[in-house]
Amino acid sequence: MTAEAAPLPAPGHMGVDYEQRVDFDRLRKYRLGRAKASLEASECGAFLLFDFYNIRYVTQTWIGGALGDKMTRYALLTQGGEPKLWDFGSAARHHRLYSPWLDPADCHAGMLGLRGAIAPTAGLMEDAVRQIKGLLEDAGVADAPVGVDIVEPPFLFEMQRQGLTVVDAQQLMLDARVIKSRDEIMLLTQAAAMVDGVYQDIVEVLKPGIRENEIVALANQRLYAMGSDQVEAINAVSGERCNPHPHNFSDRLIRPGDQAFFDIIHSFNGYRTCYYRTFNVGSATPSQRDAYTRAREWMDASIAMIKPGVGTDDVAAVWPRATEFGFENEMAAFGLQFGHGLGLGLHERPIISRLNSMRQPIELKPGMVFALETYCPASDGFSAARIEEEVVVTETGARILTLFPAQDLVIANPY
């Protein structure tokens with residue numbers, strides 16, 4: 001078996017001496033190196049990062065999801081410098097003890113206001129900007145623009161009030177994150193392998209009388225038991241809820257003959273999955289089988305397009321137009337025939353869709369990892385099929401990370 005034909009490695013999660021697994025030190029150096037290269041190639045003197053995924057990419061720190069939307073953690077990376085981090089209270093002291101790749105003097109406690117719960121008039125933002133400006137002056141880059149990824153308006157206004165020029169860094173950070181290293185690809189593969197197992201569990205319990213939310217609970221329990229660090233969402237959609245697609249779950253009871261699809265979104269060591277599968281419960285009608293067949297054909301056509309040098313417009317072109325499957329325009333159908341990068345974030349580059357790719361295509365390159373999604377409503381007016389495969393771009397084409405069977409419609413617990 002050649003190396004190209006071999007499975008993508010998904011080793012056990014423990015560190016061991018008898019196999020080469022994820023090298024986290026190599027992973028940290030790769031990510032910081034990519035961010036530094038992006039900064040050096042830009043007009044910016046520094047990146048000031050509030051996006052949780054960018055902070056993790058640059059500082060290699062994570063404190064859990066509860067504070068992910070509070071806009072309190074931030075990091076500063078200056079030209080020629082090392083990352084400086086402001087974190088929530090005691091987390092900064094923890095980093096000084098357990099994150100030796102960071103200078104302990106660069107790990108600070110920080111607080112900006114918890115999305116306005118502490119008003120800007122308290123002065124926390126003013127103090128933070130003054131400190132950041134001083135660090136920029138020390139680094140000799142205070143006169144250059146500061147690249148910021150996401151920011152609260154009062155903090156942006158304070159930066160401008162203190163004389164700093166602010167530009168967009170999110171585009172530059174997404175460009176840095178788009179090519180995955182072998183360690184990132186291994187973590188993405190391990191995350192997908194965990195979902196492979198959850199789908200086996202779902203098939204075994206997918207019978208009349210179980211509720212969508214019970215399946216969501218089962219998936220959460222199994223993922224956390226296997227080592228997931230965040231179950232971001234589980235979509236469970238069945239029966240008449242399949243069309244139109246609601247992108248959520250309910251307490252609906254599963255019934256005989258239902259078509260049902262699920263999307264499992266979680267992360268392992270920060271690296272995410274987005275992984276749809278469609279099943280029928282007990283039996284399937286010709287209409288349901290036909291919808292699945294067409295969704296699979298569209299999926300296979302897009303996978304066949306994946307190779308270096310191909311544009312995302314070429315990939316999107318093999319999918320049907322919105323009007324061909326019942327929608328008035330591409331905005332209304334967005335996310336149904338769809339591709340999106342995977343990494344520390346759920347929606348990274350490239351984004352592949354008829355909505356955006358035709359006007360601004362991106363060239364596919366080796367090391368990109370993304371999910372491809374197709375959706376086909378059934379002719380019965382309420383059923384639908386949903387398929388998603390995660391792929392990595394190699395020199396010779398696409399390699400698939402998501403291995404639970406999906407070439408044909410799976411009938412769970414057939415009668």
Does a sphere of radius 6.0 Å around [atom1] in [X] hold more than 12 heavy atoms from other residues, nucleotides or ligands, not counting ones at 6.0 Å or beyond?
| X | atom1 | value |
| --- | --- | --- |
| M358 | CE | yes |
| F404 | CZ | yes |
| Q20 | CD | no |
| E328 | CD | yes |

Name the orientation class of the two ring planes belonging to [X] and [Y] (parallel below 30°, tilted from 30 to 60°, perpendicular beyond 60°).
| X | Y | result |
| --- | --- | --- |
| F279 | F262 | tilted |
| F325 | W298 | tilted |
| F338 | H347 | tilted |

Assess the residue pair E152 and K70 against the criterion (salt bridge (Lys or Arg N to Asp or Glu O under 4.0 Å)); give the C-alpha distance rounded to whole Å, side-chain angles, the decisive distance to 0.1 Å, and a yes or no.
CA-CA 10 Å; E152 290 185 273; K70 304 304 188 295; over 6 Å; no
With V58, the side chain to side chain contact (heavy atoms under 4.5 Å, CB included) member among L39, L49, D51
L49
Test: [X] and [Y] ion pair at under 4.0 Å:
| X | Y | result |
| --- | --- | --- |
| R399 | E389 | no |
| E348 | K180 | yes |
| E158 | R161 | yes |

Candidates R28, R31, H95 - the one meeting side chain to side chain donor-acceptor pair (under 3.5 Å) with Q60
R31
